[in-house]
Amino acid sequence: MTAFCNALSMSFPVGEQFFIDAVREGAKHLGNSPEHQALRETVRGFIGQEATHRHLHGLYNAHLEKQGLINHWGPRAARRLETGRRKMFSTSEKGHLHELAITAAYEHFTAIFGDLTLENPGQEGDWFAHAEEPLQTLWRWHAAEESEHKCVAFDLYKALDGDHRWRMRWFNYVVLQFALDTWRQTVNNLWHDGTLFKPSTWVSGMRFLFGRHGLVRRTRVPLKAYRREDFHPLQVGDTRLAAQWLSSHADRWKAVGAA
Ligand SMILES: [Fe+2]
Ligand SMILES: [Fe+2]
């Protein structure tokens with residue numbers, strides 16, 4: 001779980017900058033209708049939240065580096081993105097929609113993970129129950145904000161007439177790429193901290209993936225839901241969890257943000 005979360009953190013500075021760029025570019029194509037104006041407002045909020053996340057995870061990642069871990073995911077994602085922009089996004093008239101579809105797909109992942117991070121606090125299935133502070137607060141705060149802004153990229157894609165076919169193509173790509181990237185970086189982190197070949201690592205890994213409160217079981221329904229043509233992010237998860245956590249921990253997450 002630690003190696004997995006560290007891997008996710010390593011992807012955030014590049015990933016979240018990409019999301020910011022994608023929604024900022026997408027918002028330029030909005031019109032002046034009241035709906036589009038309202039969407040523009042949510043884009044502003046989204047950019048503010050993601051910019052703070054990437055900054056804090058950059059600090060977090062600097063600590064990981066000091067511990068001897070090596071971030072391969074971030075540079076690999078940056079190279080892939082550069083190729084994508086050169087060969088497709090910046091040469092296509094619909095390039096902004098491709099970037100938004102990719103962002104919406106990743107945002108679906110972060111929203112699912114966000115919901116799971118806030119579910120069952122202190123009970124069985126609470127992945128962060130034993131995480132030390134301030135990491136527990138950092139992850140739950142990030143999770144709550146991901147849940148809060150989970151509709152922005154999706155709504156923007158829809159408002160700009162993004163179609164279902166491409167939304168699915170990019171979702172399939174993101175599912176594969178995300179699974180592969182997460183796996184590679186998690187294994188690499190375990191290798192560097194010397195725990196890759198410990199049986200207890202694999203037991204806890206199997207439990208985290210396939211156990212009663214494991215990742216596979218808890219993500220199956222919301223991942224499948226994304227494939228529906230009439231899907232909307234508000235149909236899955238419970239945004240009240242995020243609101244509750246943010247209001248009941250306002251003293252703590254403000255302190256983290258300010259730092
Ligand atoms: Fe984020
Ligand atoms: Fe996000």
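Just so we're clear, the structure is a prediction, and the values are computed from it rather than from any experiment. The analysis underlying the following values was restricted to heavy atoms, covering all of them including side chains, and did not include hydrogens, waters or symmetry mates. Counting convention: from 1, in listed order, for ligands and their atoms alike.
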Exactly one of H53, H249, H57 clears ring-ring contact (aromatic ring centres under 6.0 Å, His included) with W141, and that residue is H53
*Between Q185 and R76, do the side chains contain an N or O donor and an N or O acceptor separated by less than 3.5 Å?*
no
(Q) Pairing donors with acceptors under 3.5 angstrom, does anything connect the side chains of T137 and E133? (A) yes
min-distance N/O/S atom, E107 vs the Fe ion (ligand 2), resolves to OE2
Ignoring waters, protein N/O/S atoms under 2.8 Å from the Fe ion (ligand 1) are E16 OE2, E50 OE1, H53 ND1, H142 NE2, E146 OE2
Item to complete: Would you tell me whether Q136 and H130 have side-chain atoms, one donor and one acceptor, within less than 3.5 Å of each other?
Response: no
*Measure from NZ or CZ of R218 to the centre of the six-membered ring of W127, then state whether that distance is under 6.0 Å and the direction lies within 45° of the axis.*
yes
Below 3.5 Å, can you tabulate the donor-acceptor pairs from side chains in residues 18-29 to any protein atom, sequence neighbours excluded?
from: D21; atom 1: OD1; to: Q17; atom 2: NE2; distance (Å): 3.0
from: E25; atom 1: OE1; to: K28; atom 2: NZ; distance (Å): 3.2

